[in-house]
There are 2 protein chains.
Amino acid sequence: MLLTMSKASDRAYAQIRSMILSGALPPGEQIREEQLAERCGVSRTPVRDALRRLEAELFIRRSESQRSFVADWSLGDVEEAFALRTMLESHAARRAAERIGWDQLERLRLANAAISKAIEADIPEVPTFLVQNRLFHAIILQAAASPRLSAMLAQVVEQPVVVRTALHYDKQNLARSLHEHEELVLAFARRDGDWAEAVMTAHIRRAFHAYADAHAQQREQEAA
Amino acid sequence: MLLTMSKASDRAYAQIRSMILSGALPPGEQIREEQLAERCGVSRTPVRDALRRLEAELFIRRSESQRSFVADWSLGDVEEAFALRTMLESHAARRAAERIGWDQLERLRLANAAISKAIEADIPEVPTFLVQNRLFHAIILQAAASPRLSAMLAQVVEQPVVVRTALHYDKQNLARSLHEHEELVLAFARRDGDWAEAVMTAHIRRAFHAYADAHAQQREQEAA
DNA sequence: GTGACCGTTATTGTATACAAAGAGAAAAAG
DNA sequence: CTTTTTCTCTTTGTATACAATAACGGTCAC
């Protein structure tokens, strides 16, 4: 990640992305290039550039007549994304097990220690959990040493709907997630690709069902 | 696929892409926006748009200083791409087996019949083979009904180096490819996801080794 | 009142001019 | 002769003006 953000298109990209993640631009909302250009303090040219990237990452969809809208993911869409993520991330875990170095293993352990501390507080520190969780998966991806795999996974994680749901994880889910992370580290230390792949598959599938449960619960509340 | 190609950026995209595939823009060549704008008969704006797309599809890479070059894939890069393609396309085959309809099955059989005819000519009609082969895989992808999976696979197939190698397939490889296609149709007809996935994995892996052999052979000839 | 047609307006697509940033060449210092 | 520095020129980034196109709303015929 660049620290400078020198280019206007980069700034526009970051700003629009965070507007979508935060909900300032809600799902389904039409996007007007000129309006965003104003809000970002740049001209339409870099905004268009940013929109192309966000479209490739599925944050934005375009109608047949080229108008842009904030993506509105159905449950089916999320399920499809999780299926792909399961496949890709399990593959990454296998590759990582075959390639990981001692320094990377140590960094995984550190991330897990931070997660453990965040969970065991009286009020779990969910933002810390999210940051360290992201770091944990990023290290694995790095160890997998496949730039294309990384690029693909980026398309399939961190959609707004998923991020918002993670905020409502209960303590049990947080603890299970940590346990799976620790088992992954064991598998990596033994360089057991089969083991790592299987644990990662279970890890992502559990996360999916946690999402689906939260989603269903939310639906019930809306109905009441 | 749009027939009109109404927009200038679409025309630019198609033209530049075919220049790369045909070798008119060779690997490693630096790309100048203005020069391409001239050759495509449009301004730089749509060319830049097209370059962004081609960059996302890994036809083009950008240096740290934002200059664009035609991607030059190493053997390792190609191997990585084949590994991802194996995983993605096998997954697609499983999903297709669970969802495919009779009309799609029939279209698969038609494609195979065309391939069979193309192969059995005294001089195999390789272009016909390539067209029908692409169609066969496209139908499977359609049956898999996962737009994101389709988008990801697009990033990983049809790189210039692979396409050029396919032109040198020998008769034995062509025949084996057809045989695997026919076995896939059998698996689909029985709706056997495991079978379809396994055959597809074998299909792609064989293709990879055919590529690797051709590559090694070419290296030998260059050395001599 | 309903539906089709047409003009207005909002929005995106393209061209062009200019600004900024880098690479390469030429010149100067060691 | 090598290395460093500066300058120029190529190339990309951004702003703006204008063209094209699609959505919206109103009018007219029935």
Side-chain angles (χ1 to χ4, degrees), chain A residues 1-20 24-72 151, chain B residues 1-20 24-72 151:
Chain A
M1 191 72 75
L2 279 145
L3 292 160
T4 53
M5 281 303 172
S6 51
K7 296 207 305 285
S9 68
D10 290 338
R11 274 177 293 148
Y13 169 83
Q15 276 194 262
I16 298 169
R17 188 179 189 277
S18 87
M19 283 191 250
I20 294 175
L25 287 175
E29 176 110 336
Q30 180 174 351
I31 283 170
R32 294 171 206 80
E33 295 175 355
E34 200 153 15
Q35 171 192 315
L36 281 180
E38 261 182 78
R39 289 176 72 171
C40 297
V42 297
S43 83
R44 273 181 57 214
T45 310
V47 168
R48 284 174 63 80
D49 212 77
L51 291 181
R52 289 308 256 232
R53 281 194 260 172
L54 291 164
E55 188 193 350
E57 295 167 10
L58 303 177
F59 282 93
I60 283 173
R61 62 164 251 270
R62 295 177 82 128
S63 73
E64 75 295 332
S65 65
Q66 303 305 106
R67 275 160 175 75
S68 302
F69 301 83
V70 178
D72 190 5
Chain B
M1 193 70 75
L2 280 144
L3 292 160
T4 50
M5 282 297 174
S6 50
K7 295 205 308 280
S9 67
D10 291 338
R11 275 177 292 149
Y13 169 82
Q15 277 194 263
I16 298 169
R17 187 178 188 277
S18 88
M19 282 191 250
I20 294 175
L25 287 175
E29 177 107 336
Q30 180 173 353
I31 283 170
R32 294 169 204 82
E33 294 174 357
E34 199 153 16
Q35 170 191 317
L36 281 180
E38 263 182 76
R39 288 175 73 171
C40 297
V42 297
S43 83
R44 272 180 58 211
T45 310
V47 168
R48 283 173 64 80
D49 213 75
L51 291 181
R52 291 309 260 235
R53 280 195 260 173
L54 292 164
E55 188 193 349
E57 294 167 10
L58 304 177
F59 282 94
I60 284 173
R61 62 165 251 270
R62 296 178 81 128
S63 73
E64 75 295 330
S65 64
Q66 302 306 104
R67 278 161 171 74
S68 302
F69 301 82
V70 178
D72 189 5

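Every chain is numbered from 1, with letters handed out A, B, ... down the list of sequences.
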Looking at A:Glu29, I'd like to know if its CD atom is crowded, meaning that more than 12 non-hydrogen atoms belonging to other residues, nucleotides or ligands lie closer than 6.0 Å. yes
When rounded to the nearest 0.5 angstrom, what distance separates CZ in B:Arg53 from CZ in B:Arg17? 11.0 Å
To the closest 0.5 Å, what do you measure between CD (B:Glu57) and OH (B:Tyr13)? 3.5 Å
Which distance, rounded to the nearest 0.5 Å, do you find between the OG of A:Ser9 and the CD1 of A:Ile16? 10.0 Å
Those residues at least two apart in sequence (or on a different chain) that pass salt bridge (Lys or Arg N to Asp or Glu O under 4.0 Å) with B:Arg48 are B:Glu33
Report yes if the side chains of A:Gln15 and A:Val42 come closer than 4.5 Å at any heavy-atom pair, otherwise no. no
Please confirm whether the shortest side-chain N or O distance from B:Ser9 to OP1 or OP2 of C:dT14 is below 4.0 Å. yes
So, taking the atom named CZ in B:Arg11 and the one named NZ in B:Lys7, what distance separates them when rounded to the nearest 0.5 Å? 11.0 Å
Less than 4.0 Å between a side-chain N and a carboxylate O, is that true for A:Arg44 and A:Asp49? no
Check nucleotides 23-26 of chain D for protein N or O atoms closer than 3.5 Å to its own N or O atoms and list the pairs.
from, atom 1, to, atom 2, distance (Å)
D:dA23, OP1, A:Ser65, OG, 2.7

What are the atom names and distances for every N/O pair under 3.5 Å that joins the protein to nucleotides 24-26 of chain C?
none

Let me know the distance between CZ of A:Arg62 and C1' of D:dA22, rounded to the nearest Å. 14 Å
Would you name the heavy atoms of A:Ala71 and A:Pro27 that are closest together and state the gap between them? O-CB, 3.6 Å
State which residues pass salt bridge (Lys or Arg N to Asp or Glu O under 4.0 Å) with A:Arg62; sequence neighbours excluded, sorted by chain then number. A:Glu55
For the helix from C:dG1-D:dC30 to C:dG30-D:dC1, measure the angle between the helix axis at one end and the axis at the other, each built from five pairs, rounding to 10°. 10°
Working to the nearest 0.5 Å, report the span between OG of A:Ser68 and CG of A:Leu25. 11.5 Å
Report yes if at least one side-chain N or O of B:Thr45 is closer than 4.0 Å to OP1 or OP2 of C:dT14; otherwise report no. no
Within residues 26-42 of chain B, find the residues that approach DNA chain D with a heavy atom at under 4.0 Å, and present them sorted by residue number. B:Ile31, B:Arg32, B:Glu33
Specify the separation, in whole Å, of atom CZ of B:Arg48 and atom P of D:dT11. 14 Å
Above 12 or not: heavy atoms from other molecules or residues under 6.0 Å from CD of A:Gln30? yes
Look at A:Gln66 and C:dG13 and indicate whether a side-chain polar atom (N or O) is within less than 4.0 Å of OP1 or OP2. yes
Working to the nearest 0.5 Å, report the span between CD1 of A:Ile60 and CD1 of A:Ile20. 4.5 Å
Can you check the A:Asp49 CG to C:dG13 P distance for me, whole Å? 13 Å
CZ of A:Phe69 versus C1' of C:dT12: gap in Å, rounded? 12 Å
Considering only heavy atoms from C-beta outward, does the side chain of B:Gln35 approach that of B:Cys40 to under 4.5 Å? no
Which whole-number value in Å describes the distance from B:Lys7 NZ to D:dT21 P? 11 Å
Can you check whether B:Arg44 has a side-chain N or O nearer than 4.0 Å to OP1 or OP2 of C:dT14? no
